[in-house]
Protein chains: 2
Amino acid sequence: MSGAIQSLSRAAAILRLLAGGERRLGLSEVATGLGLAKGTAHGILRTLQQEGFVEQDPDSGKYQLGAELLRLGQSYLDVHELRARALVWADDLARAAGETVYLGVLHQRGVLVVHHVFRPDDSRQVLEVGSMQPLHATALGKVLLAYDPVARGELGDGPWEAFTPRTVTEPAALDAQCALVRERGWADAVEETWEGVASVAALIQDRRRNPVGAVCVSGPVETVCEGGAVRPSLVASVRTAARAISRDLGAHRF
Amino acid sequence: MSGAIQSLSRAAAILRLLAGGERRLGLSEVATGLGLAKGTAHGILRTLQQEGFVEQDPDSGKYQLGAELLRLGQSYLDVHELRARALVWADDLARAAGETVYLGVLHQRGVLVVHHVFRPDDSRQVLEVGSMQPLHATALGKVLLAYDPVARGELGDGPWEAFTPRTVTEPAALDAQCALVRERGWADAVEETWEGVASVAALIQDRRRNPVGAVCVSGPVETVCEGGAVRPSLVASVRTAARAISRDLGAHRF
DNA sequence: TGGAGGGGTCGGCATCGCCGACCGGTGGTC
DNA sequence: GACCACCGGTCGGCGATGCCGACCCCTCCA
């Protein structure tokens, strides 16, 4: 676990900087933003451009992310075993539940959505594959926190950002919820990320029973909940789907 | 346009190698595949792993692409101006045409799909955003070939791969088709990529009238064509959508 | 018309990363 | 069961390589 290659780490930092800022960034902005000499930043950007990882606006000379990243991101999905196994189960789950289905894996300090099935109605929806969800305020995140020590480590000590009045922001409360998740075998999040939205999630394990991801059903509180709590039939559907995916991944039967 | 940073170029080559092979690759495979010393390849892979661009299977020690690429790919889409402007128009087009809609840009030797609207029926479809289409055998590609000299340059001299008996594989024939595309203002491809599939595409220009992409409607020959030719109403819809998007991008009115 | 800031270039220096020999573990084979 | 072939990984010395900061030209603005 010795040192990293300097130029590569810097290139990664530049890409993340470009991904973070909403707009294009100029050479000087990149250089000062990362504390690099202009010449250094330029050399890295030039190479990244040749490789297609960044593009340069011909008018302004400013830089943005490049198309090659999209292509490689798609390739990541293509070889993703969990996603491949889960495709059909997620589809069935969405159909049965009549709600949106997400499949997420732990990535850095959040949950990365690797699959997303639209709610089976005709409403206009945008695909969220590739986007991140907070660990402490979603059902997907709480499942990972409860079962994956790495996730809990990444999150740190809080207090965390409150997205709604119901967001759990204190470590003690969150850890208590995680204990409950482990006890029940599923997690919920009712109006903790967005007002009016509730979700239920369950854990997916690989052949060695390691936590590798989570599957979740999400929708309006009016349809997901019943009398203030998540509808038991939804919980059952999600847990069944999670078990099915885990079995497909080679987890031993119960 | 002087030299590139060696370690960065090599890292990009490793990522492409991992994206190309369907399965995970071992350290030695990567090293020999690119003609690198094992130690060198290991150093790059270690750094890429720390940055999240590759992941390592704990059992086999083999490497695959990492989740950070998916996240950055999504960020690329987020800042993509053409895609943002085209979202609503593509939606309308799909609804009006009753067929699948693709939005593509030139990337290396192919067309990169940056947006994809499912055909508005309940059939099971997989999202193709981030995938590549051949330049010489799709409507999207032929539009770009006709209007973007860079695209024609990238493609080279052929003969190109034949996907079906109707694929155009010879330069003379393709250039003639491109001339026709410029004359008519739209391109079609009937069973040139897949048997039974036909598509129509039109050019999208930016504020300086440069070609920046293409929009396309694609579906079964039975519904897209009529008497051996593409239905004129579809052509009109696609061209109208392309003009609308171009106008949104700031292209001067006609 | 000047100046401030932009992106881009260049060459010299020392740093940084490349290389190939080496290590420990593992799975296959006879 | 002992060997061997090959795996992923490590290490240190040498030299290529990439970093830095001064410099250039252009545009925009005062």
Side-chain angles (χ1 to χ4, degrees), chain A residues 1-18 21-66 79 81 207-208 210 250, chain B residues 1-18 21-66 79 81 207-208 210 250:
Chain A
M1 191 60 81
S2 46
I5 292 176
Q6 189 187 47
S7 55
L8 257 181
S9 298
R10 287 172 167 179
I14 288 180
L15 289 179
R16 273 193 288 270
L17 185 69
L18 290 174
E22 285 308 307
R23 54 184 231 294
R24 293 187 256 258
L25 295 179
L27 172 61
S28 303
E29 289 173 296
V30 171
T32 60
L34 297 174
L36 299 175
K38 239 184 351 176
T40 306
H42 179 63
I44 296 172
L45 280 168
R46 188 205 305 136
T47 308
L48 287 174
Q49 185 184 11
Q50 285 172 15
E51 303 292 344
F53 289 91
V54 307
E55 292 168 2
Q56 188 175 23
D57 185 51
D59 292 336
S60 60
K62 292 185 185 295
Y63 295 92
Q64 63 176 2
L65 295 181
V79 299
E81 189 182 356
R207 70 191 72 82
R208 293 206 324 255
N210 289 323
Chain B
M1 190 60 83
S2 48
I5 292 176
Q6 189 187 47
S7 55
L8 255 182
S9 298
R10 288 172 166 178
I14 287 180
L15 290 179
R16 273 193 289 270
L17 184 69
L18 290 174
E22 286 308 307
R23 52 183 235 295
R24 292 187 257 258
L25 295 179
L27 172 62
S28 303
E29 289 173 294
V30 171
T32 61
L34 297 174
L36 298 176
K38 242 184 347 176
T40 306
H42 179 63
I44 296 173
L45 280 168
R46 190 206 305 137
T47 308
L48 286 174
Q49 184 184 12
Q50 285 172 15
E51 303 292 344
F53 290 91
V54 306
E55 293 167 2
Q56 188 175 22
D57 184 52
D59 292 336
S60 60
K62 291 184 185 298
Y63 294 92
Q64 64 175 9
L65 295 182
V79 298
E81 189 182 355
R207 70 192 71 84
R208 294 206 322 257
N210 290 323

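Within every chain, numbering begins at 1; the chains are lettered A, B, ... in the order of the sequence lines, protein sequences first and strands thereafter. On a predicted model such as this, the values are computed, not experimentally measured, just so you know.
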Taking side-chain hydrogen bond (donor to acceptor under 3.5 Å, both in side chains) as the test, write out the residues that go with [X], two or more places apart.
X        : value
A:Arg16  : B:Glu51
A:Gln6   : none
A:Asn210 : none
B:Glu81  : B:Arg85

[X] has an atom [atom1]; how far is it from atom [atom2] of [N], in whole Å?
X       : N      : atom1 : atom2 : value
B:Leu45 : D:dC7  : CG    : P     : 15 Å
B:Ile14 : C:dG17 : CD1   : P     : 14 Å
B:Leu25 : D:dC7  : CG    : P     : 12 Å
B:Leu48 : C:dG17 : CG    : C1'   : 14 Å
A:Leu27 : D:dC23 : CG    : P     : 19 Å

Phosphate oxygens OP1/OP2 of [N]: is one of them under 4.0 Å from a side-chain N or O of [X]?
X       : N     : value
B:Gln56 : D:dG8 : no
B:Tyr63 : D:dG9 : yes
A:Ser28 : C:dG5 : no

Per-nucleotide protein contact along nucleotides 14-20 of chain D, 5' to 3', at a 4.0 Å heavy-atom cut-off (B base, S sugar-phosphate only, - neither), is ---SSSB
Please tell me if the side chains of A:Leu25 and A:Tyr63 come closer than 4.5 Å, counting only heavy atoms from C-beta onward.
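No, too far: nothing below the 4.5 Å cut-off.
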If we only count heavy atoms from C-beta on, is the B:Phe53 to B:Ile14 side-chain gap below 4.5 Å?
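No, too far: nothing below the 4.5 Å cut-off.
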Sort me out a list of protein N/O and nucleotides 3-5 of chain D N/O pairs below 3.5 Å, or just none if empty.
none

Rounded to the nearest 0.5 Å, what separation is found between the CG atom of A:Leu65 and the CZ atom of A:Arg24?
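So the gap between those two atoms works out to 11.0 Å.
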In Å and rounded to the nearest 0.5 Å, what is the CD1 to CD1 distance from A:Ile5 to B:Ile5?
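Answer for the CD1-CD1 pair, A:Ile5 versus B:Ile5, is 11.5 Å.
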Quickly, which of B:Glu29, B:Gln56, B:Glu55 forms a side chain to side chain contact (heavy atoms under 4.5 Å, CB included) with B:Lys62? Name it, please.
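The side chain to side chain contact (heavy atoms under 4.5 Å, CB included) with B:Lys62 is passed solely by B:Glu29 among B:Glu29, B:Gln56, B:Glu55.
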Residues in side-chain contact (heavy atoms from CB on, under 4.5 Å) contact with A:Ala13, at least two apart in sequence or another chain
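Result, side-chain contact (heavy atoms from CB on, under 4.5 Å) vs A:Ala13: A:Leu34.
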Can you run down the salt bridge (charged side-chain N to carboxylate O under 4.0 Å, His left out) pairs that involve residues 4-15 of chain B, sequence neighbours left out, and say none if there aren't any?
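Sorted result for residues 4-15 of chain B: empty, none.
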Please classify the nucleic acid contact of A:Glu29 as base, sugar-phosphate, or nothing, using heavy-atom distances under 4.0 Å.
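No contact at all - A:Glu29 keeps every heavy atom at 4.0 Å or more from the nucleic acid.
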Give the angle between the helix axes at the two ends of the helix from C:dT1-D:dA30 to C:dC30-D:dG1, taking five base pairs at each end and rounding to 10°.
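Inter-axis angle at the termini of the helix from C:dT1-D:dA30 to C:dC30-D:dG1: 40°.
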Taking the minimum atom-to-atom distance to the side chain of A:His42, which one of D:dC7, C:dT9, C:dG6 wins?
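Comparing D:dC7, C:dT9, C:dG6 against the side chain of A:His42, the answer is C:dT9.
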